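As the structure is a computational prediction, the values presented were derived from the model and not from experiment. For the numbers below, each heavy atom of this structure counts, side chains included, while hydrogens, waters and symmetry mates do not. One-based numbering, in listed order, for ligands and for the atoms of each.
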Amino acid sequence: MESKNEFSQRRQRMVEEQIAARGIRNERVLTAMLKVPRHLFVPEGFVHQAYEDHPLPIGQGQTISQPYIVAVMTEALQVGRQHRVLEIGTGSGYQTALLAELAGMVYTVEIIEELSIRARQILNRLDYRNIRFKIGDGNEGWKEFAPYDRIIVTAAAESIPYALVEQLKEQGRLVAPVGPSGAQSLIFGVKHGQRLVQRSLMSVVFVPLVRGKPSVDS
Ligand code: SAH
């Protein structure tokens, strides 16, 4: 069994070789990625691959994103301690942990109950106090705590759900994969007036953002 020290060395290598070497420079992002124990967020059989350069299955047909893509999305968001961040697609909770390292408060929505419960258990065990969880359809955002300074979507929709633009603050930033399977782009947007001014950062492969039943706050 690998020791804590062994994992921290793997994390160091991941950040140097996959993240910093590819141009991620934001110190707060790099520090958070050095700190968050990614191996705790993957299923037991995949622990030895937790710091490798690819996505991994997390059950229920879902995946934890490749570390580099997580870094690109997190850097683009420019999250500060003063920010309230909405995340759509809690999944394993790994991205949630990074956001909690950087933000004041993180609100995270997941449509698959089992994944939300599991992520909550791990994040509680790691003692994050600035995260609120909801089980429901992220297409609707999370109205109760809107507006948000930052919004991140970690599953691909055909277009950015309008509720998310509505729940974003003026000058707020949003990052989301958009497009049909096989032709998705990572979109970066800033809200000006009622509009989201968008540009594409790179092409990506994400699981789809599904449409669910109207949800109840938990
Ligand atoms: N950020 C996650 C990535 C998980 S993959 C991680 O680091 O592990 C995307 C997640 O979005 C999946 O868990 C999937 O169940 C969830 N998802 C898909 N459609 C959704 C929807 N409409 N609302 C909320 N979550 C959704």
Colleague: With no hydrogens and no angle check, just 3.5 Å: does a side-chain donor-acceptor pair link T96 and E87?
Modeller: yes
Colleague: Is there a side-chain contact (heavy atoms from CB on, under 4.5 Å) between L40 and L126? Walk through the geometry before answering.
Modeller: CA-CA 10 Å; L40 298 183; L126 291 172; 3.9 Å; yes
Colleague: Who's closest to atom 12 (C) of ligand 1 heavy-atom-wise, of Q62, E87, M73?
Modeller: Q62
Colleague: Name all residues meeting the salt bridge (charged side-chain N to carboxylate O under 4.0 Å, His left out) criterion together with E101; count only those two or more places apart in sequence or in a different chain, and write none if there are none.
Modeller: K35
Colleague: I need the atoms of ligand 1 closer than 4.0 Å to a non-hydrogen atom of V207, numbered in the order shown.
Modeller: 5 (S), 9 (C)
Colleague: Are side-chain N/O atoms of Y51 and R11 paired as donor and acceptor at under 3.5 Å?
Modeller: yes
Colleague: Salt bridge or not for R10 and E6, using N-O below 4.0 Å?
Modeller: yes
Colleague: Atom 6 (C) of ligand 1: which protein heavy atom is closest, and how many Å away?
Modeller: S92 OG, 3.4 Å
Colleague: Salt-bridged, K191 to D149, with N to O below 4.0 Å?
Modeller: no
Colleague: May I ask you to list the atoms of ligand 1 that are less than 4.0 angstrom from any heavy atom of Q95?
Modeller: 1 (N), 7 (O)
Colleague: Which residue and atom name correspond to the protein heavy atom nearest atom 4 (C) of ligand 1, and how close is it?
Modeller: T63 O, 3.1 Å
Colleague: Which protein non-hydrogen atom lies closest to atom 18 (C) of ligand 1, naming both residue and atom, and how far is it?
Modeller: P208 O, 3.6 Å
Colleague: If we only consider heavy atoms of V70, is any one of them less than 4.0 Å away from an atom in ligand 1?
Modeller: no
Colleague: What is the closest protein heavy atom to atom 19 (N) of ligand 1, and at what distance does it sit?
Modeller: V210 N, 3.0 Å
Colleague: Identify the protein heavy atom lying closest to atom 25 (N) of ligand 1, giving its residue, its atom name and the separation to 0.1 Å.
Modeller: I111 N, 3.3 Å
Colleague: Should the pair D127-R125 be classified as a salt bridge under the 4.0 Å nitrogen-to-oxygen rule?
Modeller: no
Colleague: Could you tell me, atom by atom, which parts of ligand 1 come under 4.0 Å of a heavy atom of G89?
Modeller: 1 (N), 2 (C), 10 (C), 11 (O), 16 (C), 25 (N)
Colleague: Who's the nearest protein heavy-atom neighbour of atom 9 (C) of ligand 1, and how far?
Modeller: T154 O, 3.2 Å
Colleague: Out of curiosity, is G136 lining ligand 1, as in a heavy atom under 4.0 Å away?
Modeller: yes
Colleague: Counting N and O atoms only, with roles assigned by atom type, does the side chain of R84 sit under 3.5 Å from a partner on the main chain of P147, one being a donor and the other an acceptor?
Modeller: yes
Colleague: With sequence neighbours left out, write down each residue that passes ring pair (Phe, Tyr, Trp, His ring centres under 6.0 Å) with Y148, or none if nothing qualifies.
Modeller: Y107
Colleague: May I ask you to list the atoms of ligand 1 that are less than 4.0 angstrom from any heavy atom of D137?
Modeller: 21 (C), 22 (N), 23 (N)
Colleague: Do any N or O atoms from the side chain of E110 and from the backbone of T90 form a donor-acceptor pair under 3.5 angstrom?
Modeller: yes
Colleague: With heavy-atom distances below 4.0 Å as the criterion, list the atoms of ligand 1 near L115.
Modeller: 13 (O)
Colleague: With atoms numbered from 1 as shown, which atoms in ligand 1 lie under 4.0 angstrom from a non-hydrogen atom of I112?
Modeller: 15 (O)
Colleague: Geometry only, no angles: is G138 polar-contacting ligand 1 at N/O separations under 3.5 Å?
Modeller: yes
Colleague: What is the closest protein heavy atom to atom 20 (C) of ligand 1, and at what distance does it sit?
Modeller: L209 CD1, 3.5 Å
Colleague: Please identify which atoms of ligand 1 are closer than 4.0 Å to at least one heavy atom of N139.
Modeller: 22 (N)
Colleague: Among all protein heavy atoms, pick the one closest to atom 15 (O) of ligand 1 and tell me residue, atom and distance.
Modeller: E110 OE2, 2.6 Å
Colleague: Answer with yes or no whether the side chains of Q95 and T74 bring together a donor and an acceptor at under 3.5 Å.
Modeller: yes
